[in-house]
Amino acid sequence: MLSAASIPVLSAPLPDSIPATSVAKPPPPPPSTNLSLLHLCTHLQEATQVHALMVKTSQTADPYSAGRLAEFYALSDGGSLEHAEKILDSFPHHPPTFVCNTLMRAYSERRNPFLSINLYRQMLVDAVEADRFTFTFTLKACTQLRALAIGMQIHAQVVKHAWESNAHIRNKLIHLYAVSGRIRDARKVFDGSTEPDVVAWNSMLQGYADMDDGENLHNLFDSMPARDVVSWNTMIAYYTEAGKFEEAILMFRLMQESSECGLNRVTLISVLSAVTQLGALGQGQWVHAYIKRHGIELDENLSSALINMYSKCGCIEGAIYTFETTHRRSVDTWNAMIGCFTANGCSLRAIDLFSKMEASLLMPNKITFTCVLNACSHGGLVDRGIRYFEKMSSVYGIEPDVGHYGCMVDLFSRAGLFEKAEEIIQQMPIEPDKVMWKAVVGACRVNKNYELGEKAGLKLIEIAPDDNAGYVLLSNIYAMSNNWNGVYRVRKLMHDRGIKKVPGCSSIELDGLVHEFIAGDAAHARKKEIYEMLDEMAQQLGRAGYEPDTTQVLLDIEEEDVKESSLALHSEKLAVAYGLISTSPGAIIRVVKNLRICGDCHSALKLLSQIYDRNIIVRDANRFHHFNRGSCSCMDYW
DNA sequence: TTAGGGTTAG
């Protein structure tokens, strides 16, 4: 991605070099058999044959014909940007505006807006007349690059040419200002139009959404004379982005009730994102059923969103079904499915699917390898992990990023090969990040390597002093090694620096409603029954020989406040108790927790899955735990 | 002969 610093400044002569706007219209295009042939071209080779004919008859010197040719090369599927650029170069002194516009369009479409701006600059140098299309394309490029300063220069040109009343240009200006954080300037342009159309309204909405200005966003949305699918999508995406997932889903329902407009793929992807983060499988399944009922084809994006939803709700079967019924699979679709197996503790299936992907000759990308290496690390597959890590660059030419090195550190640390892990950290060409240090401390905790754990924990709070996780992990290491002085020091440091723990919260979705619990929660309407169930659970656990892991109370500052809670009232246990009294025997209980599950709850849920013969699936901040018949899919690593 | 706004993924 280009940095703002690398964007060229428009140093070419500005206003006076542009001819007046009231130029006579170009003459009608000459009839041409060659141009009709161009319409029939679907491949580059055919187009170059037509091109050759046109060169032979000197037709390429005609601006109209050159424009059509450039348009084919630059914008059609079988085209070639290089060929289009050659057309432009064939007019070294004064290229036709249409050819320039077409190339600017193509650059923006191919995510190279920098070249659009450069070309505009060249137009100024060559004194090529800019028309209203030139301005829309240039402004689009400025918006893509967030190049506000250049955009403002273009705005001056727009005013000079008296094109501010053109709806397309005006909306581009609103959009540019809105997404660049200049909401007041956007509003000025917006208010300057007598009758802003729905695109102008939507651009303003986007601006308020980007600025996280919920109040103005709502006011504007409510005062819109008409809303379309983009307006609603913007609102749904705003709530999802703001972490207000239930509001996002509510907005989706209101959209359907309003029957103002239909929904589209973007709506579904946005609402799926909210559902996914909420872990609300029932609502996700409703969206999937909607897609099927309305015969909406699963393209690679929608299918990735669905697979991800099933994955994050711990429903592997749903993800597999979606993957298998998707015919247009992209690398993202495969990544979503491999990632689903990885996150849900099916390491061998993740690797097996990766082999199938390789066999399909689709090129894996960085994310594919993150998923595969994670699978190796979670599954303890050290040798395979090393092989894939090597293969990544040697076969696929993908240079490992900090995340991949992190996977390797995790792989070695989990396997207790701490020397190897340290070797990676020392030799990697990138600075280790906090994710990596977290992995090391976590592994040290499991493998009781307190010395390295302390070192990594100290490093973690050094590079991420505002992240509470570092303090919590370091404190855990100290507590496990009975270093209570260390625990005290870390807590004091947290207090002095004003670092707050995030309170633990677990949720469970039943009949389309998400019920949230915090530790010792007494707010639920069925609290009496829930607490009776908790008592029964404790008795059953006692009979099964379970003893609460009291060391966890001391380790527990990540979870809930020690003073306010006891192990038996942890949020995940409350959610499971509610699940047990609210669902029929044998039904799967799915819980989503915002933090990592605590060690005591982990042991208790393993036994509870056996006692009540229930499959209990907990999604915590790190991964999934599928509790079944007394054991957990994470193999006690998390 | 050309144009506008919205989404997801480790």
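Chain letters run A, B, ... following the sequence lines, proteins first, then strands; residues in each count from 1.
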Novice: Report the relative orientation of the aromatic rings in Phe369(A) and Phe354(A); use parallel for angles under 30°, tilted for 30 to 60°, perpendicular for over 60°.
Specialist: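 Perpendicular: the ring planes of Phe369(A) and Phe354(A) meet at over 60°.
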
Novice: Side chain of Asn301(A): nearest nucleotide among dT2(B), dG6(B), dT8(B)?
Specialist: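 Of dT2(B), dG6(B), dT8(B), dT8(B) is nearest to the side chain of Asn301(A).
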
Novice: Side chain of Ile269(A), heavy atoms from C-beta onward: which of dT8(B), dA3(B), dG6(B) has the nearest atom to it?
Specialist: dT8(B)

Novice: Under the criteria of a ring-centre distance below 5.5 Å and an interplanar angle below 30°, is Tyr64(A) stacked with the base of dT1(B)?
Specialist: no

Novice: Taking OP1 and OP2 of dG10(B), is either one under 4.0 Å from a side-chain nitrogen or oxygen of His404(A)?
Specialist: no

Novice: By nearest atom, which of the nucleotides dT7(B), dT8(B), dA3(B) is closest to the Ser273(A) side chain?
Specialist: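 Closest nucleotide to the Ser273(A) side chain: dT8(B).
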
Novice: Taking only the side-chain nitrogens and oxygens of Asn308(A), find out if one of them lies under 4.0 Å from OP1 or OP2 of dG10(B).
Specialist: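 Affirmative; the distance criterion is met.
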
Novice: Counting only side-chain nitrogens and oxygens, does Arg105(A) get under 4.0 Å of the OP1 or OP2 atom of dA3(B)?
Specialist: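 Checking Arg105(A) against dA3(B): at least one side-chain N or O falls below 4.0 Å of OP1 or OP2.
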
Novice: Does dG10(B) have its OP1 or OP2 closer than 4.0 Å to a side-chain nitrogen or oxygen of Lys312(A)?
Specialist: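 Affirmative; the distance criterion is met.
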
Novice: If you only use heavy atoms from C-beta on, which nucleotide in dG10(B), dG6(B), dA3(B) is closest to the side chain of Thr136(A)?
Specialist: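 Nearest nucleotide to the side chain: dA3(B).
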
Novice: Could a donor-acceptor pair under 3.5 angstrom be found where the side chain of Thr234(A) meets the base of dG6(B)?
Specialist: no

Novice: Just to be sure I understand the rule, does Phe137(A) reach a base, reach only the sugar-phosphate, or reach nothing, if contact means heavy atoms closer than 4.0 Å?
Specialist: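 Base contact.
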
Novice: Among the candidates dT1(B), dG6(B), dG10(B), find the nucleotide nearest to the side-chain atoms of Asn374(A).
Specialist: dG10(B)

Novice: Base, sugar-phosphate, or nothing: which does His175(A) touch, judged by heavy atoms less than 4.0 Å apart?
Specialist: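 The residue His175(A) makes sugar-phosphate contact but no base contact.
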
Novice: Considering residues at least two apart in sequence or located in another chain, which fulfil the ring pair (Phe, Tyr, Trp, His ring centres under 6.0 Å) criterion with Trp437(A)?
Specialist: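 Partners of Trp437(A) under the ring pair (Phe, Tyr, Trp, His ring centres under 6.0 Å) test: none.
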
Novice: Please report, rounded to the nearest Å, how far the C1' atom of dA9(B) is from the CH2 atom of Trp334(A).
Specialist: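 Checked: the CH2 to C1' distance equals 16 Å.
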
Novice: Which label fits His155(A) and Tyr177(A): parallel for a plane angle under 30°, tilted from 30 to 60°, or perpendicular past 60°?
Specialist: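 Ring orientation of His155(A) relative to Tyr177(A): tilted.
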
Novice: Asn335(A) has an atom CG; how far is it from atom P of dT8(B), in whole Å?
Specialist: 17 Å

Novice: Under 4.0 Å, counting only non-hydrogen atoms across every strand here, what does Arg265(A) touch: a base, just sugar-phosphate, or nothing?
Specialist: nothing

Novice: Does any donor atom in the side chain of His39(A) or Arg68(A) lie under 3.5 Å from an acceptor atom in the other side chain?
Specialist: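 Yes, side-chain donor-acceptor contact under 3.5 Å.
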
Novice: May I ask you to verify whether the side chain of Asn101(A) and the base of dA3(B) hold a donor-acceptor pair under 3.5 Å?
Specialist: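 Answer is no: no donor-acceptor pair is held.
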
Novice: Distance check needed: dT2(B) P versus Asn166(A) CG, whole Å only.
Specialist: 14 Å

Novice: Base, sugar-phosphate, or nothing for Ser270(A), non-hydrogen atoms under 4.0 angstrom?
Specialist: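 Since only primed, P, OP1 and OP2 atoms lie under 4.0 Å of Ser270(A), the category is sugar-phosphate.
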
Novice: Whole Å only: how far is the CZ atom of Phe135(A) from the P atom of dT2(B)?
Specialist: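 Those two atoms, CZ and P, are 19 Å apart.
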
Novice: Whole angstroms only, please: what is the CG-P distance between Asp410(A) and dG10(B)?
Specialist: 17 Å

Novice: Starting from C1' on dG6(B), measure out to OH on Tyr239(A) and report it in whole angstrom.
Specialist: 16 Å

Novice: Do Phe72(A) and Val50(A) touch side chain to side chain, with heavy atoms closer than 4.5 Å?
Specialist: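 Sidechains of Val50(A) and Phe72(A): no contact.
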
Novice: By nearest atom, which of the nucleotides dG6(B), dT2(B), dT1(B) is closest to the Val266(A) side chain?
Specialist: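 Side chain of Val266(A) sits closest to dG6(B).
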
Novice: Can you label the angle between the Tyr321(A) ring and the His288(A) ring as parallel, tilted or perpendicular, going by 30° and 60°?
Specialist: tilted

Novice: Rounding to an integer number of Å, can you tell me how far Ile154(A) CD1 sits from dA3(B) C1'?
Specialist: 15 Å

